[in-house]
K.L.:
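Below you'll find the structure I mean.
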Amino acid sequence: MIDLRSDTVTKPTAAMRRAMAEAEVGDDVYREDPTINRLEERSAEIFGKPAALFVPTGTMANTIALKLLSHHGEEVICDARAHILDWELSMTAWFSGLQTRAVPTDDGILTWKIVEKSVKPRGGFLGPTAVICIENTHNMAGGIVYPLAVIDDLCDEAHARGIKVHMDGARIFNASVASGVAVDRITKNVDTVMFCLSKGLGAPVGSMLVGEKDAIDEGRNLRKRLGGGMRQAGILAAAGLIALEQMPERLAEDHANARVFAEGIAGIKGIDIDPLKVLTNIAVFDVARTGLTPAQVLAKVRAAGVVINTAGGTRLRALTHYDVTRAECEKAAAVLRTVLG
């Protein structure tokens, strides 16, 4: 099978496996795992923030961040297709007590002009806006990258009103490679940022939450509440260090492969996709005009050896990653041409 469902399906590299086997470990709940400590210190250094926290999943990192930046009964503003809204089991409500204010956008980018209309002040009737969550790259918007000026303006306007900004940066290194802007500059003005080690960077497990030291210290307690206090988890952090230090430099290859795939299916009758908008490793395309349902298309391509995923409505989504080659992306596009031709 050519697996284009997600970059979460990547397998750890040989270097990661060696590092895991040889990792120096200790009890992380006691802050005694030297490998986890190095991963957290290095993550904070790369992002230009005072502290970082290793957690098992991106959902946990987002959940902790939103809890740190808010109080029960307040609101979080996010895009209407945001990961925290659709793919995290309503943890914003269940754990953080936040009401989500979903704002529709054309391209997944929340500008201050768009957000301002939904900001709620503190008063006797309204749940006040506590935090704005931006997703960079934006998954369901096709891996789109936030312009730096938009992030800076949004942070400036939000902070002037006492509103915090969290960045769901699950694929922040894809954004960095595509834009040519270092991650510490992209995230300079946000209060907290989450990024995944287990997506495009290829580690088997783990995400990082980065921010101010006091917030991260409290985040460690919240991680414990969520069942994320691990013991000799340096075995996992060792792979995370390889992912952090070595894997970002190869992400441009994934981006190029996604563009090749998009160009390969762009001419298929009934497929709607603009290859020029495929900037990172996510290609989202609409099959509404093919005469087939998304489920029918998925079944046909799976029977031919390719697996892809849905992206809502009549849209499908293919993600490139470390474990798919250029030739396999070309073959996957050829399968779609055959199935839908």
Side-chain angles (χ1 to χ4, degrees), residues 39-72 74-79 82-85 87-88 91-92 95-98 100-101 110 112 115 128-139 146 148 150-173 175-176 181-199 206-226 228 240 244:
L39 175 61
E40 291 176 344
E41 290 164 4
R42 187 68 181 121
S43 295
E45 180 182 5
I46 289 173
F47 279 77
K49 301 289 187 184
L53 180 67
F54 179 60
V55 298
T57 70
T59 293
M60 185 181 288
N62 280 335
T63 297
I64 291 171
L66 294 176
K67 178 66 174 174
L68 289 171
L69 302 178
S70 66
H71 297 95
H72 272 56
E74 296 179 331
E75 289 195 353
V76 54
I77 294 176
C78 65
D79 174 69
H83 197 278
I84 66 165
L85 176 63
W87 303 101
E88 298 186 5
M91 286 298 284
T92 51
F95 187 74
S96 301
L98 284 172
T100 301
R101 183 68 58 180
L110 286 175
W112 178 253
V115 167
T129 302
V131 56
I132 299 167
C133 180
I134 58 178
E135 189 174 327
N136 192 24
T137 66
H138 194 303
N139 188 348
Y146 261 79
L148 188 61
V150 170
I151 299 172
D152 289 347
D153 182 58
L154 187 70
C155 289
D156 288 345
E157 296 289 351
H159 290 156
R161 292 160 177 80
I163 299 169
K164 303 293 187 180
V165 180
H166 170 63
M167 181 178 289
D168 177 347
R171 297 180 176 88
I172 186 66
F173 285 96
S176 175
V181 180
V183 292
D184 62 341
R185 178 60 189 90
I186 293 173
T187 64
K188 178 181 178 181
N189 295 320
V190 302
D191 297 282
T192 53
V193 57
M194 179 277 283
F195 70 93
C196 285
L197 299 163
S198 58
K199 289 189 169 71
S207 291
M208 304 299 301
L209 179 63
V210 187
E212 295 299 319
K213 184 179 184 304
D214 289 348
I216 296 302
D217 286 345
E218 177 57 24
R220 198 172 298 275
N221 294 330
L222 295 175
R223 183 184 70 175
K224 179 72 171 178
R225 290 179 183 272
L226 289 165
L244 184 64

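Keep in mind it's a predicted model, so treat the numbers as computed, not measured.
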K.L.:
With a 4.0 Å cut-off on N to O distance, would you call K188 and D184 a salt bridge?
P.N.:
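Salt bridge between K188 and D184, a charged N being under 4.0 Å from a carboxylate O: no.
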K.L.:
Please round to the nearest 0.5 Å and tell me the distance separating atom CD of E135 and atom CZ of R171.
P.N.:
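Here the rounded value is 8.0 Å.
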K.L.:
Does E212 reach the main-chain N or O of I216 with its side chain, forming a donor-acceptor pair under 3.5 Å?
P.N.:
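Side chain of E212 to backbone of I216, a donor-acceptor pair under 3.5 Å: no, none is there.
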K.L.:
Side chains of D191 and H166, heavy atoms from C-beta outward: is any pair under 4.5 Å?
P.N.:
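When only atoms from C-beta onward are counted, H166 and D191 do not touch, as no gap falls below 4.5 Å.
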K.L.:
Rounded at 0.5 Å granularity, tell me how far CG in D217 sits from CG in L68.
P.N.:
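Interatomic distance, D217 CG to L68 CG, rounded to 0.5 Å: 10.5 Å.
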K.L.:
If you round to the nearest 0.5 Å, how far is CD1 of I46 from CD1 of I172?
P.N.:
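These two atoms lie 12.5 Å from each other.
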K.L.:
Can you check whether L154's main-chain N or O pairs, donor with acceptor, with E157's side chain at less than 3.5 Å?
P.N.:
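Side chain of E157 to backbone of L154: no pair is present.
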K.L.:
Any sub-3.5 Å donor-acceptor pair from E40's side-chain atoms to F54's backbone N or O?
P.N.:
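Here the side-chain-to-backbone pair exists.
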K.L.:
Measure the CG-NE2 distance between L110 and H138 for me, rounded to the nearest 0.5 Å.
P.N.:
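Between L110 CG and H138 NE2, I get 7.0 Å after rounding to 0.5 Å.
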K.L.:
Would you find a donor on one side and an acceptor on the other, under 3.5 Å apart, between the side chain of Y146 and the backbone of I186?
P.N.:
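No, Y146 side chain to I186 backbone: no donor-acceptor pair under 3.5 Å.
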K.L.:
Would you indicate whether the side-chain heavy atoms of T192 and M167 approach each other to under 4.5 Å?
P.N.:
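Contact flag for M167/T192 side chains = no.
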K.L.:
May I ask you to decide if V181's main-chain N or O and S176's side chain share a donor-acceptor pair within less than 3.5 Å?
P.N.:
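Side chain of S176 to backbone of V181: a pair is present.
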K.L.:
Could you pull out the closest heavy-atom pair between H159 and N189, with the gap in Å?
P.N.:
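Looking at all heavy atoms of both residues, the shortest contact is CE1-O, 2.9 Å.
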K.L.:
Take R185 and D152 through the salt bridge (Lys or Arg N to Asp or Glu O under 4.0 Å) test and state the conclusion after the steps.
P.N.:
CA-CA 10 Å; R185 178 60 189 90; D152 289 347; 2.5 Å; yes
K.L.:
Less than 4.5 Å apart, side chain to side chain, heavy atoms only: is that true for C155 and V190?
P.N.:
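Side chain of C155 against side chain of V190, heavy atoms only: contact under 4.5 Å found.
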K.L.:
In terms of ring plane angle, is the pair F173 and F195 parallel, tilted or perpendicular, where the classes change at 30° and 60°?
P.N.:
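Rings of F173 and F195: perpendicular, as their planes differ by over 60°.
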K.L.:
Could you state the interatomic distance from OG1 (T100) to CD (E88), rounded to the nearest 0.5 Å?
P.N.:
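It is 10.0 Å, given to the nearest 0.5 Å.
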K.L.:
Nearest 0.5 angstrom please: W87 CH2 to T59 OG1, how far?
P.N.:
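The OG1 atom of T59 is 11.5 Å from CH2 of W87, to the nearest 0.5 Å.
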K.L.:
Between the side chains of N62 and H83, does any donor sit under 3.5 Å from an acceptor?
P.N.:
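Note: N62 and H83 side chains miss the donor-acceptor criterion.
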K.L.:
Heavy-atom distance under 4.5 Å between the side chains of E74 and L98, does that happen here?
P.N.:
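Heavy-atom side-chain distance check passes, below 4.5 Å.
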K.L.:
Might you work through the side-chain contact (heavy atoms from CB on, under 4.5 Å) test for T187 and V210, ending with a clear yes or no?
P.N.:
CA-CA 10 Å; T187 64; V210 187; over 6 Å; no
